[in-house]
There are 2 protein chains.
Amino acid sequence: MSVGIRDVARAAGVSTATVSRALGRGPVSDAVREQVEAAVRATGYRPNLSARRLRSKAAQTIGLIVADIRNPFFTAVSRAVEDAAYAAGLRVILCNTDEDPAREALYLRLMEEERVTGVIFAPTKTTADALTADSLAFPTVFIDRSGLPGAHDSVVLDNVAAAAALVDHLAAQGFSRIGGLFGSTSSTARERQAGYEAAMARHGLAPLIRSVAPNAAAAEAESARWLGQPDRPEALILSNGLILMGAVRAARTLGLGVPRDLALAGFDNEPWTDLVEPGLTVIEQPVAEIGAQAMRLLFERIESPDQPVRKVVLSGRTVLRGSTRRVA
Amino acid sequence: MSVGIRDVARAAGVSTATVSRALGRGPVSDAVREQVEAAVRATGYRPNLSARRLRSKAAQTIGLIVADIRNPFFTAVSRAVEDAAYAAGLRVILCNTDEDPAREALYLRLMEEERVTGVIFAPTKTTADALTADSLAFPTVFIDRSGLPGAHDSVVLDNVAAAAALVDHLAAQGFSRIGGLFGSTSSTARERQAGYEAAMARHGLAPLIRSVAPNAAAAEAESARWLGQPDRPEALILSNGLILMGAVRAARTLGLGVPRDLALAGFDNEPWTDLVEPGLTVIEQPVAEIGAQAMRLLFERIESPDQPVRKVVLSGRTVLRGSTRRVA
DNA sequence: CTGAAAGCGCTTACAG
DNA sequence: CTGAAAGCGCTTACAG
């Protein structure tokens with residue numbers, strides 16, 4: 001029924017070992033290689049990847065575990081990862097945890113069972129804090145988020161500097177009641193919060209902090225509560241694109257004009273942020289670079305398992321738009 | 001080094017066959033099952049999925065091949081597919097073709113080599129038209145797009161009706177120079193174009209049609225050329241969310257007010273479409289339902305390979321917003 | 001309910 | 001460069 005390597009061998013008049021070599025990079029004569037290729041075409045043979053992986057003990061697979069595939073940041077990063085992986089002849093298993101530690105555990109177990117070559121992972125803070133250098137059975141690079149210091153290779157944004165840049169800009173525009181709404185699940189949100197706090201202190205301003213599940217619906221609800229209060233902030237910093245969207249919706253619903261009644265600045269230069277009036281000031285992350293660097297670190301870790309742990313910190317770019325312009 | 005089923009068997013004092021049964025749904029005594037589970041915990045055993053798949057000839061895997069993962073429509077559908085798959089104990093391989101027939105061929109081949117249980121596929125028109133009922137070695141459900149009539153199960157929108165609804169609305173608002181910008185790669189764009197043409201004819205209006213690669217950059221460029229002409233349309237229908245975004249950008253750049261200088265209506269109720277002023281009129285697709293129905297068709301096809309081909313046609317919902325309001 | 005044995009479809013030393 | 005044979009780590013008839 002299904003055609004296997006034996007059928008190809010028979011058709012080509014060679015052994016299965018030779019077929020295997022001809023299809024891989026083994027040493028075979030040109031004449032034999034052509035015979036084998038003809039036999040493959042004639043039989044419609046497709047190698048069984050499960051058998052190949054089992055025997056060769058090389059899964060040729062990398063796992064990509066992201067926190068939320070609806071977040072364009074992760075879609076963009078994952079495209080960069082996939083491009084690099086397929087260019088290197090590796091397949092990608094994409095997993096989506098929804099910021100849920102239970103699902104993270106599930107997928108990490110799956111990675112073990114797949115015997116993956118390596119993993120790129122954006123963990124929740126809960127999971128990251130529990131993972132020591134030797135808790136993972138495969139080479140792993142953290143992305144967007146870091147874990148215990150020195151435990152894992154990682155590629156992250158300079159979150160402290162980026163958040164501070166937003167505060168500096170708002171302060172320079174004359175805003176002083178600057179609030180910060182940060183995600184509750186990631187080390188990255190904490191770092192952005194720390195950068196915010198440090199910068200606020202530097203400007204002699206009192207910090208106004210709330211945290212929220214990093215999705216648009218939760219952010220909208222929390223923003224609406226906050227902005228509905230009489231002593232509401234006059235400017236808001238939002239720690240990612242989803243939270244930024246939630247805040248924009250809340251401002252709309254409450255009838256707050258941006259930036260007249262409320263200035264807005266956030267993270268992630270998503271395609272819609274320059275389309276909503278008057279344009280949203282954001283930190284743009286080098287998404288393609290993050291994905292590419294993560295793959296580079298992963299490949300190098302696979303090559304040299306014992307090399308020191310590395311952390312690549314990339315700078316964000318501040319994109320100034322109308323949402324933070326001081327209205328006289 | 002790595003712990004295998006033999007190590008577990010030894011630790012539990014049973015045969016490997018018994019371990020295999022205890023881990024699966026084989027008949028084993030409760031006492032033995034507990035011993036085995038204890039041995040699994042003690043040894044840290046993780047089954048090798050490649051070996052399991054090879055031996056059992058059940059990949060427990062479905063392939064999901066989408067045209068563009070940057071398109072939120074496909075991200076949304078893929079989440080629905082994944083939820084259903086993981087609930088059924090199946091893994092998902094997600095592939096992204098970028099509307100490129102060469103990449104589609106590559107991934108279809110990969111699906112064969114993985115011996116997948118089934119595939120959900122959003123093909124380009126080029127590939128769809130080349131795929132007869134028996135050209136695929138695995139059960140397949142087309143999604144968002146259909147192929148040769150009766151060749152494959154599919155879940156699609158009622159594209160003709162949806163496009164007509166947009167034309168009807170614009171015509172009712174008094175617009176007559178209504179243009180249509182459609183994607184160039186999918187059967188779906190063609191159907192939307194057909195619905196547009198029929199409705200225009202019904203209203204006694206002359207069709208104005210252009211087509212473009214279905215991405216924001218190409219759509220922006222084409223829209224800018226079109227809208228820069230003196231006899232430009234006074235209203236535009238855009239065949240998906242990416243093209244809609246491109247058109248919005250072009251209108252911005254040209255300084256055309258919406259809807260004063262240009263009315264805009266499109267497909268896909270993406271989160272940003274109600275945020276850009278004055279809100280964009282769109283057809284909302286039942287994305288979760290599309291994913292869930294596709295999985296249902298796929299499961300039923302796997303169950304009953306010889307049942308008749310089915311096509312599920314879902315209705316879109318017209319969401320009216322300011323972008324199509326007639327300004328006196 | 002349990003075990004011994006065969007075998008899924010490949011690749012890879014080992015010889016030649 | 002090529003072939004015969006072993007074996008990757010499981011599951012599954014086949015017996016009992």
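A note on names: the letters A, B, ... follow the listed sequences, proteins ahead of strands, and every chain is numbered from 1.
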Roughly, in whole Å, what's the span from CD in B/Glu34 to P in C/dC1? 15 Å
Could you check A/Tyr86 against B/Tyr107 for ring pair (Phe, Tyr, Trp, His ring centres under 6.0 Å), going step by step and ending with a plain yes or no? CA-CA 11 Å; A/Tyr86 284 109; B/Tyr107 285 126; 5.5 Å; yes
When A/Arg33 and B/Ala17 are each assigned the nearest nucleotide of DNA chain D, the 5'-most assignment goes to A/Arg33
By nearest-nucleotide position on DNA chain C, the 5'-leaning member of A/Gly4 and B/Thr16 is B/Thr16
Rounded to the nearest 0.5 Å, how far does CD1 of B/Ile143 lie from CG of B/Asp153? 12.0 Å
Charged N to carboxylate O under 4.0 angstrom, A/Arg52 versus B/Glu113? no
May I ask you to evaluate whether B/Ser29 reaches the phosphate of C/dT2, defined as a side-chain N or O under 4.0 Å from OP1 or OP2? yes
Interatomic distance where CG belongs to B/Asn48 and C1' belongs to D/dC10 [whole Å]: 8 Å
Look at B/Glu289 together with B/Arg296 and state whether they make a salt bridge at an N to O cut-off of under 4.0 Å. no
Pairing nucleotide - D/dG3, Watson-Crick or G-U, each distance under 3.5 Å: C/dC14
B/Arg115, nearest nucleotide to its side chain (from C/dC10, C/dT12, D/dC8): C/dC10
Could you tell me the separation between the CD atom of A/Glu114 and the C1' atom of D/dC8, rounded to a whole number of Å? 16 Å
Length of the CD1-P vector between A/Ile5 and C/dG7, whole Å: 19 Å
Between A/Arg55 and C/dG9, is there a side-chain N or O to OP1/OP2 distance below 4.0 Å? no
Would you kindly give the CG-to-P distance between B/Leu54 and D/dG7, to the nearest whole Å? 17 Å
Taking 4.0 Å as the cut-off, does a side-chain nitrogen or oxygen of B/Thr18 come that near to OP1 or OP2 on C/dG3? yes
Which of the following nucleotides, D/dT11, C/dG3, C/dT11, is nearest to the side chain of A/Arg52? C/dT11
Output the rounded distance in Å from NZ (B/Lys57) to P (C/dC10). 9 Å
Establish whether the base of C/dG9 is bridged to the side chain of A/Arg46 by a donor-acceptor pair shorter than 3.5 Å. no
What is the distance, to the nearest angstrom, from the CZ atom on B/Arg21 to the C1' atom on D/dA13? 10 Å
When B/Val32 and A/Pro47 are each assigned the nearest nucleotide of DNA chain C, the 5'-most assignment goes to B/Val32
C1'-based separation of D/dG16 from D/dT12 [nearest Å]: 16 Å
Charged N to carboxylate O under 4.0 angstrom, A/Arg70 versus B/Glu82? no
Nearest-angstrom distance from the residue atom CZ of A/Arg25 to C1' of C/dT11: 11 Å
